[in-house]
Amino acid sequence: MRATAALFERSLVSLSRYPKVKLAKIELDEPQEYEVLVKISSCGICGTDHEVLNGDLPTGKPCVLGHEGAGIIEAIGSKVSQFKVGDRVIISFPSCGKCRNCLRDQPRYCELAGPLSFGFQRLDGSHAIRKANGDKLYGNFFQQSSWSTHAITLERNLIKVPDSIDLDLMGPLGCSITTGAGAVLNELQPQAGSSIAIFGGGSTGLAAVMAAVVRECETIIVVDPNSNRLKLAKKLGATHVFKSEKEAIAAKIRLLTKNRLDYSLDCTLGGKMVPAAMESLGILGVCGMVGGGSPVHTFKLNHADTLNGKRLIGIVGGGGKTPNAHQHIMQLHEQGKFPLEKLVKFYPFKKINDAIRDSFSGKVVKPILKMT
């Protein structure tokens, strides 16, 4: 079938500061046996999209990005059993369902997560989308490529959305929001009265703030260079904010917490704040790392300081199980405990380049494209 999608197809060398895409007609395959066709209603713009646009993550061109899609199922493959035409869904992280980690109920750590998310094709090497004239097009980004009016995705990617919830608001649960909130709710699991420092005040970091409030953390610190994001962090429940990304930030946090910071969470790109996040911790503190970045990014830790019982854990997609982790956040939102609407701004699909610009510049925390 035919759809309209946002194509990224030019070299960054020829672009201005903010990469651009263009809307074009594409053709989609019929769903394979375990796939579904989703009419996309909305899709978020995420930091991982940025990483492809700015060249940190390689891709063939032209390609279609987007991995925070929400919409309604229009067709299903012959072996799809958990969903039906008409279901309201969000599209989340892909997994194979067959490797040892998937069988251990750890789908975020699927052994095929890399090729499923960043291979820009199905696992069998085929492509679900192509240009309207039949030319090759790289899609299947996170097995969805949902910067499009329609997307082919895997049944395992999907989570149902109750009729009582605004479907268009839920797309970012597909990646950034669940990544931040899930890191706190599913992995760090801070006790009531504990302290946490969150490095990065984008959508992932601010989702972590809301989750820390849910967990009744007594001290919630946010570090970000953007004053507007820090103001929003305070409104969402942060008790302290620091407008700094320099090494001195660790000393400030240690002074504030009397060297007893329980948890830290790095939500920045490239891991550049991980050393400060680790240094900020007290003895036996735990640092979670969720921020993305280029595969060549590295960081250094102080050996003696880390020996103080400190732990650093990498967290993919907020951990947890699909769909349980997403349903929990939706329940919190319905209860008024997770005000996701405070992070977002909606853009019509035709204004996607404005949304990309505002996302890159930090003007908007979480842009969401509305396809119709």
Side-chain angles (χ1 to χ4, degrees), residues 3 5 28-44 46 48-49 63-99 101-103 105-124 126-129 138-162 167-168 170-179 182 316-330 371:
L28 288 84
D29 284 351
E30 294 296 320
Q32 292 185 352
E33 54 186 17
Y34 288 107
E35 292 180 337
V36 303
L37 172 68
V38 178
K39 182 178 181 181
I40 301 297
S41 174
S42 65
C43 184
C46 178
T48 308
D49 298 310
C63 66
V64 178
L65 302 177
H67 61 289
E68 293 184 341
I72 298 173
I73 295 177
E74 283 199 346
I76 62 174
S78 61
K79 293 188 178 180
V80 171
S81 60
Q82 302 300 313
F83 297 88
K84 66 182 185 301
V85 172
D87 281 346
R88 306 165 80 243
V89 296
I90 56 176
I91 313 175
S92 189
F93 305 96
S95 58
C96 72
K98 298 177 181 179
C99 72
N101 292 335
C102 284
L103 295 176
D105 262 345
Q106 292 286 351
R108 296 291 177 276
Y109 302 97
C110 173
E111 293 178 344
L112 296 178
L116 281 167
S117 297
F118 304 109
F120 286 90
Q121 60 186 8
R122 295 181 173 111
L123 286 180
D124 64 8
S126 65
H127 295 260
I129 61 176
Y138 292 89
N140 296 92
F141 187 51
F142 281 73
Q143 298 302 304
Q144 54 177 293
S145 286
S146 46
W147 284 0
S148 177
T149 56
H150 290 78
I152 294 288
T153 189
L154 296 168
E155 178 182 23
R156 289 183 57 80
N157 283 39
L158 300 176
I159 302 96
K160 293 180 182 179
V161 177
L167 176 63
D168 289 335
M170 293 296 109
L173 267 65
C175 185
S176 57
I177 299 302
T178 301
T179 293
V316 175
K321 304 173 184 178
T322 304
N324 300 17
H326 301 78
Q327 290 171 339
H328 184 202
I329 297 173
M330 284 190 272
M371 305 310 177

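Counting begins at 1 with the first residue of the sequence.
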**Student:** Quick one: which of N157, L158, T153, I72 gives a side chain to side chain contact (heavy atoms under 4.5 Å, CB included) with V89?
**Tutor:**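 Only one of N157, L158, T153, I72 forms a side chain to side chain contact (heavy atoms under 4.5 Å, CB included) with V89, namely L158.
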**Student:** Between N140 (side chain only) and A128 (backbone N and O only), is there a donor and an acceptor less than 3.5 Å apart?
**Tutor:**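 The answer is yes, because a donor-acceptor pair under 3.5 Å joins these two groups.
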**Student:** To the nearest 0.5 Å, tell me how far E33 CD sits from E35 CD.
**Tutor:**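 Going from CD on E33 over to CD on E35, the span is 9.0 Å.
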**Student:** If you compare all heavy atoms of F120 against all heavy atoms of C63, which two are closest, and at what distance to 0.1 Å?
**Tutor:**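 Scanning both residues, the minimum pair turns out to be CE2-CB, 4.0 Å.
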**Student:** For C96 and L112, work out which heavy atoms get closest and say how close.
**Tutor:** CB-CD1, 3.9 Å
**Student:** Applying side chain to side chain contact (heavy atoms under 4.5 Å, CB included), name anything that partners P323, two or more places apart in sequence or on another chain.
**Tutor:** I159, Q327
**Student:** If you look at every heavy atom in P107 and R156, which pair is closest and at what distance?
**Tutor:** CB-NH2, 4.1 Å
**Student:** Taking side chain to side chain contact (heavy atoms under 4.5 Å, CB included) as the test, write out the residues that go with T179, two or more places apart.
**Tutor:** F93, C175, T204, V290
**Student:** Among residues at least two apart in sequence or on other chains, which ones pass salt bridge (charged side-chain N to carboxylate O under 4.0 Å, His left out) with D124?
**Tutor:** none
**Student:** Please examine the side chains of I329 and L173, heavy atoms only from C-beta on, and report whether any two atoms are closer than 4.5 Å.
**Tutor:**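 A side-chain contact exists here, since the closest heavy-atom pair is under 4.5 Å.
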**Student:** Excluding sequence neighbours, so at least two apart, what forms side chain to side chain contact (heavy atoms under 4.5 Å, CB included) with Q121?
**Tutor:**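 Listed in chain order: H127.
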**Student:** Check side-chain hydrogen bond (donor to acceptor under 3.5 Å, both in side chains) between R88 and all other residues, then give those that pass, not counting sequence neighbours.
**Tutor:**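 None.
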**Student:** Please tell me if the side chains of P31 and V36 come closer than 4.5 Å, counting only heavy atoms from C-beta onward.
**Tutor:** no
**Student:** Do Y109 side-chain atoms and V316 backbone N/O form a donor-acceptor pair below 3.5 Å?
**Tutor:** yes
**Student:** What closest approach, in Å, do C43 and M371 show between heavy atoms, and which atom pair accounts for it?
**Tutor:** CB-CE, 3.8 Å
**Student:** Given the rule in the side-chain contact (heavy atoms from CB on, under 4.5 Å) test, do Y138 and I129 qualify, once you have shown the distances and angles that lead to the verdict?
**Tutor:** CA-CA 7 Å; Y138 292 89; I129 61 176; over 6 Å; no
**Student:** Could I get the full list of side-chain hydrogen bond (donor to acceptor under 3.5 Å, both in side chains) partners for S41, not counting sequence neighbours?
**Tutor:**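 Once residues adjacent in sequence are excluded, the partners of S41 under the side-chain hydrogen bond (donor to acceptor under 3.5 Å, both in side chains) criterion are D168.
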**Student:** Once you round to the nearest 0.5 Å, how far does CG of L65 lie from OG of S146?
**Tutor:**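 Atom-to-atom, L65:CG and S146:OG are 9.5 Å apart.
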**Student:** With a 4.5 Å heavy-atom cut-off, do H326 and S92 have their side chains touching?
**Tutor:** yes
**Student:** Using only atom types and a distance under 3.5 Å, with no angle test, would you say the side chain of Q144 pairs donor to acceptor with the backbone of A151?
**Tutor:** no
**Student:** With a 4.5 Å limit on heavy-atom distance, are the side chains of I152 and Q143 in contact?
**Tutor:** no
**Student:** Please find the pair of heavy atoms, one from L123 and one from P115, that lie closest to each other, and give the distance.
**Tutor:**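 Looks like CD2-CB, 4.2 Å.
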**Student:** So, do F142 and I91 sit near enough that their side-chain heavy atoms are less than 4.5 Å apart?
**Tutor:**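 Side-chain contact under 4.5 Å: no.
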**Student:** For A113, give me all partners under side chain to side chain contact (heavy atoms under 4.5 Å, CB included), at least two apart in sequence or on another chain.
**Tutor:** C110
**Student:** Taking everything shown except K39 itself, do over 12 heavy atoms lie less than 6.0 Å from its NZ?
**Tutor:**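 No, NZ of K39 has 12 or fewer neighbouring heavy atoms, counting only those of other groups under 6.0 Å.
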**Student:** Which residues pass the side-chain hydrogen bond (donor to acceptor under 3.5 Å, both in side chains) test with S145, sequence neighbours left out?
**Tutor:** none
**Student:** Distance from D105 atom CG to K321 atom NZ, nearest 0.5 Å?
**Tutor:** 4.0 Å
**Student:** May I have all residue pairs that pass side-chain hydrogen bond (donor to acceptor under 3.5 Å, both in side chains) and include part of residues 65-77, sequence neighbours excluded?
**Tutor:**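 Output for this query lists D49-H67, E68-S176, E68-K366, E74-H150.
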**Student:** Between side-chain atoms of residues 77-87 and protein atoms elsewhere (two or more places apart, or another chain), which donor-acceptor pairs fall under 3.5 Å?
**Tutor:**
unit_1: K84; atom_1: NZ; unit_2: D87; atom_2: OD1; d: 2.9
unit_1: D87; atom_1: OD2; unit_2: K84; atom_2: N; d: 2.9

**Student:** Working to the nearest 0.5 Å, report the span between CG of L154 and OG of S95.
**Tutor:**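 With rounding to 0.5 Å, CG (L154) is 8.0 Å from OG (S95).
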**Student:** When rounded to the nearest 0.5 angstrom, what is the spacing between CZ in F141 and CH2 in W147?
**Tutor:**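 That separation rounds to 8.0 Å.
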**Student:** Can you sort out the partners of S117 under side-chain hydrogen bond (donor to acceptor under 3.5 Å, both in side chains), two or more places apart, ordered by chain and number?
**Tutor:**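 Per chain and number, S117 pairs via side-chain hydrogen bond (donor to acceptor under 3.5 Å, both in side chains) with no residue.
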**Student:** How many angstroms lie between atom CE of M170 and atom CD1 of I90, to the nearest 0.5 angstrom?
**Tutor:** 7.5 Å
**Student:** Taking salt bridge (charged side-chain N to carboxylate O under 4.0 Å, His left out) as the definition, give me every residue that meets it alongside E30, ordered by chain and number, with sequence neighbours left out.
**Tutor:**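 Salt bridge (charged side-chain N to carboxylate O under 4.0 Å, His left out) list for E30, sorted by chain: empty.
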**Student:** Looking at A325 and G320, what are the two nearest heavy atoms and their distance?
**Tutor:** CB-CA, 4.4 Å
